[in-house]
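Naming: A, B, ... by sequence-line order, numbering from 1 per chain. This one's a predicted model, so the numbers in the text were calculated from it and none came from an experiment.
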Amino acid sequence: MPMAFNLASDFDRALKAAAAAAGLEDASDFVPEVRTADARHGDFQANGVLGYAKARKLNPRATSEKIVAQLSGEVRDRCEITIAGPGFINFTLKPAALLEWLRTFSTREALAAGAAAAHAGQTWLVDYSSPNTAKQMHVGHLRSAVIGEAICRTLAFTGARVIRDNHLGDWGTQFGKLIHGYKRWANPAALAADPIEELERLYKLGHNATPDGSPELDEARRELVKLQNGDPENVRLWQKFTEESRLAFQQIYDRLGIRFDHFLGESFYNDKVDRVYRELGETGIAQESEGALVVFHPEHPRFKTQPFIVRKADGASNYASTDLATALYRAEHLHADGIVIVTDFRQADHFEQLFLTVKKWFTAKAYRVPELHHVSFGAVTGEDGKALKTRSGDVIRLKALLDEAEERAFAIVTEKNPDLPESDRRDIARIVGIGAVQYADLAQNRSSNYLFSWDKMLALEGNTAPYLLYAVARIHSIFRKAAVRPDDPAIEGIAIIPETPTEIALARKLTKFPDAIRLATESLRPHYLCLFLFELAGDYSSFNNADKVLVEDPPIRARRLLLCARTLLILDTGLQLLGLRTLTRM
RNA sequence: GCGGUGGUAGCUCAGCCGGAUAGAGCAACGGAUUUCUAAUCCGUCGGUCGUGGGUUCGAGUCCCGCCCACCGCGCCA
């Protein structure tokens with residue numbers, strides 16, 4: 001029997017089969033609940049017998065013993081199995097089984113093939129980043145971009161075809177104000193030098209010049225109507241705003257390793273909302289209320305009275321209208337089996353209402369209903385818990401944050417490695433600095449608010465990207481010194497089973513990679529992967545400190561090189577899934 | 001008022017459908033190394049898990065009440 005990729009699921013299946021073989025009553029209801037265990041109790045632990053036995057008034061220990069007695073020979077050969085406490089079943093992989101797993105999953109392709117079962121044959125669309133055009137991206141835009149990209153990569157790794165869609169905020173009332181400001185105060189020189197900076201300035205001028213109830217606001221609205229009606233001058237301006245914005249955004253995306261498949265912004269759906277109104281009306285899902293078209297959800301405690309406004313009383317579309325049209329387009333034309341939308345938590349109500357409405361609408365029209373997920377994340381706040389500002393009162397620009405990260409990393413590289421040529425030090429600083437920013441965001445559970453501090457974001461020790469990248473660089477260094485490649489088959493040929501405590505701890509950790517991938521993907525929470533990689537790098541560092549790799553004895557040297565090679569493979573793969581780049585020296 | 005999210009060590013955070021003695025990083029303190037890169041490793045210190053009840057063999061985790069913080073709730077996105 002071949003070695004399973006995810007050992008936890010493998011033991012889960014084995015226990016279910018053993019329960020049936022043992023003749024347990026309702027054996028099909030027995031859920032083994034295998035999970036990775038505290039290392040003190042072995043590698044994997046099954047808790048399910050306790051609940052099963054309790055419901056049937058059986059002795060849990062005796063039940064566990066009956067099940068374990070029926071476990072297949074392969075499982076018994078691979079593990080030490082013990083029954084502990086009230087009836088936990090503990091599996092501890094034998095060193096020979098560890099070596100077997102490491103030999104089986106020896107390449108990124110092998111790992112990906114093992115992971116691909118989760119989403120094979122499915123198409124997932126991820127809507128993330130989604131900034132407003134004609135404005136700079138600031139730190140508030142970081143989380144969606146970084147978390148969204150990590151989710152795209154983990155979904156792709158687990159077998160999905162992934163469509164990356166940037167749902168730009170490129171339509172709506174703000175463009176009336178921007179055109180108003182542009183036509184009065186545009187500075188051609190500034191526009192040529194730094195277009196987004198100038199457009200943002202003009203938008204602010206336009207906004208301040210058009211207070212509620214003012215004749216200027218009416219004028220801005222007329223500019224918007226002209227744009228919507230195809231006025232050539234305003235359409236040309238709008239196109240210019242969009243192009244300049246996309247060029248500026250791409251500079252940030254390039255630094256973060258992000259490449260979108262589509263930029264289908266709100267404007268794209270402008271002519272697709274009439275169908276939404278018609279179908280929601282004819283199916284009776286939407287109704288007129290106070291002049292607007294709204295959807296109530298009578299079965300929902302809150303949304304039975306809190307309306308989802310689908311069309312404004314003045315007949316214009318809003319966020320809800322275009323999001324409904326967007327959902328339909330993604331299901332109908334992009335054939336999405338799953339849709340993931342990455343925005344901050346303040347929009348949770350909106351998406352809950354949107355998804356309820358989409359499900360009713362698609363069901364009524366017999367459209368296939370995709371799996372819908374709102375991946376929300378907490379706000380970025382300053383030390384005082386309030387929205388983040390610089391001293392001058394402006395929000396911190398994303399570009400400035402990334403620049404600062406690279407500068408700080410450059411100072412450290414220069415201090416550590418003054419002899420490297422400057423261009424090398426710059427390259428290293430780029431990867432370390434940007435990686436630190438990405439990792440700082442990803443390592444935290446996305447639900448909680450994000451407390452921004454330069455020192456935390458740019459920390460270079462502890463649970464940070466540099467710690468992981470450093471482990472990778474040290475492994476490369478060993479292979480350079482040994483003058484072999486990590487994938488050299490000769491290593492595997494003579495490697496013997498791991499023996500020292502640090503070797504075994506490292507090997508055991510490596511076999512837990514599939515479970516980390518599963519957790520991160522199922523919950524759409526990349527921090528589970530970060531946690532695993534940090535622990536793996538820690539186990540590697542301990543091993544690196546305790547066991548010299550390049551010893552004379554060929555089999556010992558080979559087994560340690562094998563551990564180095566697999567640690568490198570999994571760290572590289574995992575960091576790449578998070579959207580980070582790695583280094584061969586630093 | 002209704003609802004969402006959160007409250008765990010001095011600080012920043014993990015804790016995976018309830019499971020074994022609650023874990024990291026930073027900070028503080030002590031130790032290892034003239035190395036396969038010390039951006040490292042080992043150790044010490046540090047917590048009535050907001051609070052009061054309840055369910056359970058077992059609760060940081062589930063249920064109910066209360067307190068605190070941030071956020072959302074009819075035409076912004």
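- At least one side-chain nitrogen or oxygen of A/S542 sits closer than 4.0 Å to the OP1 or OP2 atom of B/C42.
- A salt bridge does not link A/D488 to A/R485: none of the charged nitrogens lies less than 4.0 Å from a carboxylate oxygen.
- Annotation: of the two residues near RNA chain B, A/L519 and A/D38, the 5′-most nearest-nucleotide partner is A/L519.
- The side chain to side chain donor-acceptor pair (under 3.5 Å) test with A/H300 singles out one residue from A/Q306, A/Q353, A/E352, and that residue is A/E352.
- Contacts between residues 556-564 of chain A and RNA chain B, counted as heavy-atom distances below 4.0 Å, involve no residue at all.
- B/G7 and B/A14: their C1' atoms are spaced 15 Å apart (whole Å).
- A/K416 comes within 4.0 angstrom of a nucleotide base, judged by non-hydrogen atoms across all strands.
- Note on A/K177 versus A/E216: no salt bridge recorded, every NZ/NE/NH1/NH2 to OD/OE distance being 4.0 Å or above.
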Q.
Generate the contact string for nucleotides 72-77 of chain B. Rules: B means base contact, S means sugar-phosphate contact only, - means no protein heavy atom under 4.0 Å.
A. SSBBSB
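- Nucleic acid contact for A/I475: none, since no nucleic acid atom lies under 4.0 Å from a heavy atom of the residue.
- If you take atom C1' in B/G25 and the same atom in B/C70, they sit 25 Å apart, rounded to whole Å.
- Considering only side-chain N and O atoms, A/H527 lies under 4.0 angstrom from the phosphate OP1 or OP2 of B/G15.
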Q) Given the rule that a pair is Watson-Crick or G-U wobble with both distances under 3.5 Å, how would you write RNA chain B in dot-bracket, using | for pairs to a different strand? A) (((((((..((((.....[...)))).(((((.......))))).....(((((..]....))))))))))))....
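- Residue A/F543 comes nearest to A/L563 through the heavy atom pair CE1-CD1, 4.2 Å, listed as atom of the first residue, atom of the second, then distance.
- In this structure, A/K512 pairs ionically with A/D43, as a charged nitrogen and a carboxylate oxygen lie closer than 4.0 Å.
- Ring-centre distance between A/H350 and A/F308: below the 6.0 Å cut-off.
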